[in-house]
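Sequence positions, counted from 1, serve as the residue numbers for this chain. Side chains included, hydrogens not; waters and symmetry mates left out as well; all remaining heavy atoms used.
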Amino acid sequence: MANDFPQRPTPPPLDDACALFLDVDGTLIEFAEDPEAVVLLPEVREAIGRISDRLGGAVALISGRPLAQLDRLFAPLHLPAAGLHGHQVRGVDAPARSTDADADTSEWLHGVHQHAMKFAHGHPGVLVEDKGRSLALHWRSAPHAAQDVRAFAEHHADARSGYRLQAGDHVVEFVPEGSDKGRALHQLMQQLPFRGRVPVFLGDDLTDEFGFDAANTLHGWSVLVGEREPSAAVFALPTVRDVHAWLLQNA
């Protein structure tokens with residue numbers, strides 16, 4: 001049977017003019033039923049640290065996870081990072097910046113959270129993840145509930161809330177308007193040590209398409225992990241293990 005996927009080349013080796021941006025789940029670590037249960041391989045963490053040293057600190061994480069989770073997962077590394085799909089952005093020297101929720105927005109999201117917990121109680125296997133400023137519903141352990149989860153999210157979406165729905169791999173998330181991984185990449189590229197470098201963004205999911213578009217716009221490299229289509233990525237690595245091997249080769 002013919003393969004309908006585009007034959008994207010493997011990304012070339014990093015040179016000293018690059019800036020590396022890494023998605024986490026599905027790129028550096030395999031997906032898990034419980035997002036808190038994942039572990040980053042020590043040799044991968046060490047390789048990322050060596051690459052960061054070689055690139056003068058121009059390595060950043062861009063993830064849907066909060067910064068606090070990223071720091072626990074990558075410790076003792078403390079990298080520049082964008083959390084919650086770019087709602088939180090932390091450069092090398094500057095503290096993390098985010099937009100505080102107003103009282104109406106916080107109350108609205110709290111109400112959605114309460115409804116989501118009741119919904120999950122009636123749909124065993126559905127996981128509700130409270131990220132503080134965003135809320136995710138996972139159905140990896142309940143694939144039969146996918147349609148119901150999407151319908152629940154669409155029913156509770158409200159254009160006046162200041163939130164939008166972000167679809168992902170077995171997940172749908174309420175995320176703040178104006179936050180996405182592409183905007184985060186652009187923000188970091190305006191700061192040292194990223195400014196003036198060639199952005200290289202690795203990601204796997206629909207949420208990473210924003211990052212691919214940003215890297216392409218800045219004449220950088222966009223690298224898809226897997227074979228999801230359609231995608232704006234120019235390069236590809238087939239699996240998380242291939243990402244690990246590529247990082248080790250570049251360390």
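Although no hydrogens or angles enter the test, the distance criterion places a donor-acceptor pair under 3.5 Å between the side chain of Gln88 and the main chain of Leu67. Proximity of a side-chain donor or acceptor of Glu209 to a complementary backbone N or O of Ala232 within less than 3.5 Å is detected.
Applying the salt bridge (Lys or Arg N to Asp or Glu O under 4.0 Å) criterion to Asp180, with sequence neighbours excluded, gives Arg183. Applying the ring-ring contact (aromatic ring centres under 6.0 Å, His included) test to His244 and every residue at least two apart in sequence or in another chain returns nothing. When the salt bridge (Lys or Arg N to Asp or Glu O under 4.0 Å) test is applied to Arg197, no partner is found at least two apart in sequence or on another chain.
In this structure the side chain of Trp246 reaches within 4.5 angstrom of the side chain of Leu14, judged on heavy atoms. Between Leu202 and Phe21, every side-chain heavy-atom pair lies at or beyond the 4.5 Å cut-off. Here the side chains of Trp221 and Val234 are not in contact, with every heavy-atom distance at 4.5 Å or above. Side-chain contact check for Leu28 versus Asp23: every heavy-atom pair is 4.5 Å or farther apart. Contact of the Trp139 side chain with the Val172 side chain is registered, since non-hydrogen atoms from C-beta on lie closer than 4.5 Å. Side-chain atoms of Leu73 and Ile29, non-hydrogen and from C-beta on, do get closer than 4.5 Å to each other.
Residues Phe201 and Phe210 do not share a hydrophobic cluster, clusters being chains of Ile/Leu/Val/Met/Phe/Trp/Tyr side chains in contact below 4.5 Å.
Heavy atoms only, all atoms of each residue included: Val126 and Ala145 are closest at CG2-CB, 3.9 Å. Closest approach of Glu177 to Tyr163, counting heavy atoms only: OE2-O, 3.6 Å.
Gln166 and Arg164 form a side-chain donor-acceptor contact under 3.5 Å, judged by distance and modelled atom types alone.
By the 4.0 Å N-to-carboxylate-O rule, Lys181 lies close enough to Asp208 to be salt-bridged with it. Between Glu229 and Arg8, at least one side-chain nitrogen of the basic residue sits less than 4.0 Å from a carboxylate oxygen of the acidic one, meeting the salt-bridge criterion.
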What do the steps show when you test Ser231 against Phe212 for side chain to side chain contact (heavy atoms under 4.5 Å, CB included), and what is the final call? CA-CA 8 Å; Ser231 176; Phe212 296 155; 3.6 Å; yes
Decide side chain to side chain contact (heavy atoms under 4.5 Å, CB included) for Leu137 and Arg150; before the verdict, give the C-alpha distance in whole Å, the side-chain angles of both, and the deciding distance to 0.1 Å. CA-CA 9 Å; Leu137 282 77; Arg150 293 191 189 100; over 6 Å; no
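Remark: Arg50 CZ is packed, more than 12 non-hydrogen atoms of other residues, nucleotides or ligands lying under 6.0 Å away.
Aromatic rings from Phe119 and His115 are positioned such that their centres are separated by 6.0 Å or more. Proximity of the aromatic rings of His138 and His170 is defined here by a centroid distance below 6.0 angstrom, and this criterion is not met.
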